[in-house]
Amino acid sequence: RIPKMTYLKELADRCSLYKINQLHLYIEHTFLFDGLSEVWRDDTPLTAQDILEFDAYCAERNIELVPSVATFGHLYKVLRTKTFHELSEVEEAEGTAFSFYERMCHHTLNSTDDRAYELVCRLIDEYSPLFRSNLFNINCDETFDLGRGRGKERADEIGSHVMYVQWVNRVCEHVKAIGKRPMFWGDIIVAHPEAIKELPEDVICMTWDYSPTPREINVKKLWENGAHQYLCPGVQGWNQAIHLLDNAYENIKQMTIFAHKYDGEGLLNTDWGDFGHFQHPELSMVGIVYGAAFSWNSDIPEKSAINADISVIEYGDRSASLIEVISHMSNQAVVNWGEFVRILENCRYQVAEREVTAFWERYNKQTENSQKQIEFCNEAIRNDMAKVSALLVGIEEGKRKYIAPILHMAEGQILINTMFGVIKNVHDGQQNPCTDKRALAEAFEIWYYEYRRQWHKISRESELYRIGELIFWLADYIREL
């Protein structure tokens, strides 16, 4: 998603209320960079004027807006263009169909090509002057392809981890040369924590772990090697129709405890847009408030207590029970959106696994128990939706608008659960005579009509068409089963 300015400003207002004093604006290709029209021509990118306006708006609310640009991995769309495809570590055949799965897995620059470094410097130099912050987040995370393609010879010679440190060092030095303090994600360097000493002394390592039980050892090892760290949990919305609020609470709580224990310079609570940024951002506010409350106060409240507080303060819910109900609802996904996309792309392109049989064998093991629970889970969602609807009369009138997209996404999860069951049965050679496939396909299309309306309230067109195109393919596929 590329948010509308009205939404970004409302987000800043809500963050300011909870004393959040830093906001990172992450982009891969969604800015109107000079000379990159191939990359953003089918998109609705942010402009320099947008950034300047939002930076000033944040500053008025004591929020530091930090630039954040992908400079190593996560450049799938850039590296699929005719101009820049030669800079990719792994070569992709011309004409290969777009895939959300491939976008997550293959997207790394060839660090042995000086033209890649020149491109990165260009992006940094154009983007950084728009922000008053002295920080610059170069990202450099999830470089899965590094040393496996065009740079393999170099990797065989010195090791891919050395190649990684050399690249990060090089980009950091450029950031420092323009007067900014560099930041980067720590998922790669954590395998060699001593390598942090080879980077600029003031670089900030953003140590992330999104598990409900994050690994303390990674934070400790980097701390022992003198790393300046931000601890980075997440609001647990990506890949979901409904944010996993129980997971968010545990993840953010533990990472905040580590931040207090290991002298973290900050807590950066993350919200990502994997697989098309399917989730509605509204429920991210729950995790955002968790992060604000826990980072400012080392005495962390119990989940039920803070959920009651958020229900009252953020949503004006007189019953103080809204978030607890939604938390229960969020645990009813038989498969989540990210898993569902992998299933669909496997049916369509066979990209998630090269062998369809191997793919389903793995998925059968993962979903054997949950497959039997589809109707149970769907009924639980319906019951929770009814509870949320009943609470509306006790919710402040001006805040009821936040509830509609939550209920709509709950309907989406019911459809995803149901469609997964149909596809799975057909693959297993079974038929469910109780399922009207045509009616199910039509229901998803009707659901998408409302989804598109909710999207446009807060987001630019962005890449909504990719989600729509996948849903339309699915509806036709279901009709033909």
Side-chain angles (χ1 to χ4, degrees), residues 1-3 24-48 50-51 67-128 130 136-151 163-164 167-168 170-172 174-175 182-185 187-188 238 272-277 351 460-467:
R1 290 174 185 260
I2 305 171
H24 291 224
L25 192 62
Y26 169 75
I27 65 167
E28 295 170 9
H29 56 268
T30 50
F31 176 74
L32 201 146
F33 283 109
D34 185 33
L36 266 70
S37 60
E38 280 176 279
V39 180
W40 50 252
R41 64 190 179 189
D42 62 344
D43 221 321
T44 48
L46 294 168
T47 67
D50 292 331
I51 302 297
S68 177
V69 178
T71 62
F72 204 179
H74 286 292
L75 287 168
Y76 179 72
K77 196 173 179 186
V78 175
L79 298 177
R80 279 168 57 84
T81 63
K82 289 187 178 298
T83 298
F84 299 110
H85 74 276
E86 291 182 355
L87 304 184
S88 177
E89 172 71 29
V90 175
E91 189 171 1
E92 182 180 72
E94 188 173 353
T96 301
F98 175 93
S99 160
F100 281 124
Y101 180 85
E102 293 291 324
R103 184 177 188 161
M104 293 300 299
C105 295
H106 303 296
H107 45 234
T108 305
L109 285 168
N110 173 14
S111 63
T112 66
D113 192 328
D114 283 339
R115 294 175 300 171
Y117 178 68
E118 291 167 5
L119 171 63
V120 163
C121 291
R122 242 177 69 195
L123 302 182
I124 293 171
D125 291 349
E126 185 173 347
Y127 201 55
S128 63
L130 305 175
F136 197 102
N137 182 354
I138 63 173
N139 292 283
C140 294
D141 57 314
E142 297 187 328
T143 51
F144 302 127
D145 295 334
L146 181 60
R148 296 183 177 182
R150 292 183 168 112
M163 293 172 67
Y164 178 83
W167 178 268
V168 173
R170 199 176 180 190
V171 179
C172 282
H174 182 77
V175 169
M183 316 173 80
F184 76 106
W185 295 108
D187 54 304
I188 305 300
W238 55 93
W272 299 108
D274 299 9
F275 292 90
H277 205 147
V351 296
R460 302 183 186 195
E461 181 65 19
S462 318
E463 293 186 71
L464 173 62
Y465 68 93
R466 295 194 190 278
I467 295 175

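Only heavy atoms go into these numbers, but all of them, side chains included; no hydrogens, no water, no symmetry mates.
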Please check if the side chain of [X] supplies one atom and the backbone of [Y] the other of a donor-acceptor pair under 3.5 Å.
{"X": "Arg122", "Y": "Asp34", "answer": "yes"}
{"X": "Tyr26", "Y": "Trp272", "answer": "no"}
{"X": "Ser88", "Y": "His85", "answer": "no"}
{"X": "Thr47", "Y": "Asp50", "answer": "yes"}
{"X": "Glu92", "Y": "Arg80", "answer": "no"}
{"X": "Thr30", "Y": "Ile27", "answer": "no"}
{"X": "Thr112", "Y": "Asn110", "answer": "no"}
{"X": "Thr108", "Y": "Gly73", "answer": "no"}
{"X": "Glu89", "Y": "Arg148", "answer": "yes"}
{"X": "Arg1", "Y": "His277", "answer": "yes"}

Do [X] and [Y] make a side-chain contact, defined as non-hydrogen atoms from C-beta onward lying under 4.5 Å apart?
{"X": "Leu123", "Y": "Leu36", "value": "yes"}
{"X": "Leu75", "Y": "His29", "value": "no"}
{"X": "Glu102", "Y": "Thr96", "value": "no"}
{"X": "Val171", "Y": "Pro182", "value": "no"}
{"X": "Cys140", "Y": "Ile188", "value": "no"}
{"X": "Glu142", "Y": "Asp187", "value": "yes"}
{"X": "Pro45", "Y": "Phe33", "value": "no"}
{"X": "His74", "Y": "Asp141", "value": "yes"}

Please give me the minimum heavy-atom distance between [X] and [Y], naming the atom from each residue.
{"X": "Tyr164", "Y": "Leu146", "value": "CB-CD2, 3.7 Å"}
{"X": "Leu46", "Y": "Pro3", "value": "CD2-O, 4.3 Å"}
{"X": "Leu79", "Y": "Phe84", "value": "CD2-O, 3.6 Å"}
{"X": "Asp113", "Y": "Glu86", "value": "OD2-O, 4.2 Å"}
{"X": "Ile2", "Y": "Asp43", "value": "CD1-OD1, 3.3 Å"}
{"X": "Ser111", "Y": "Trp167", "value": "CB-CE3, 3.5 Å"}

Applying side-chain contact (heavy atoms from CB on, under 4.5 Å) to Asp42 and Arg466, what does each step give before you reach the verdict?
CA-CA 11 Å; Asp42 62 344; Arg466 295 194 190 278; 3.8 Å; yes
Looking at [atom1] of [X] and [atom2] of [Y], how far apart are the two atoms once the value is rounded to the nearest 0.5 Å?
{"X": "Phe72", "Y": "Arg170", "atom1": "CZ", "atom2": "CZ", "answer": "11.0 Å"}
{"X": "Cys121", "Y": "Asp114", "atom1": "SG", "atom2": "CG", "answer": "10.0 Å"}
{"X": "Ser128", "Y": "His174", "atom1": "OG", "atom2": "NE2", "answer": "7.0 Å"}
{"X": "Thr83", "Y": "Glu38", "atom1": "OG1", "atom2": "CD", "answer": "3.0 Å"}
{"X": "Glu126", "Y": "Leu130", "atom1": "CD", "atom2": "CG", "answer": "8.0 Å"}
{"X": "Thr71", "Y": "Leu109", "atom1": "OG1", "atom2": "CG", "answer": "8.0 Å"}

Could you go through Phe136 and Val69, starting from their C-alpha distance and side-chain angles, then the distance that decides it, and tell me whether this counts as side-chain contact (heavy atoms from CB on, under 4.5 Å)?
CA-CA 8 Å; Phe136 197 102; Val69 178; 3.9 Å; yes
Look at the aromatic rings of [X] and [Y] and report parallel, tilted or perpendicular, splitting at 30° and 60°.
{"X": "Tyr76", "Y": "Phe98", "answer": "perpendicular"}
{"X": "Phe31", "Y": "Tyr127", "answer": "perpendicular"}
{"X": "His107", "Y": "Phe144", "answer": "tilted"}

Ring pair (Phe, Tyr, Trp, His ring centres under 6.0 Å) against Tyr465, all qualifying residues, sequence neighbours excluded
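So Tyr465 forms no ring pair (Phe, Tyr, Trp, His ring centres under 6.0 Å) with any residue.
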Which residues share a side chain to side chain donor-acceptor pair (under 3.5 Å) with Trp185, sequence neighbours left out
Asn139
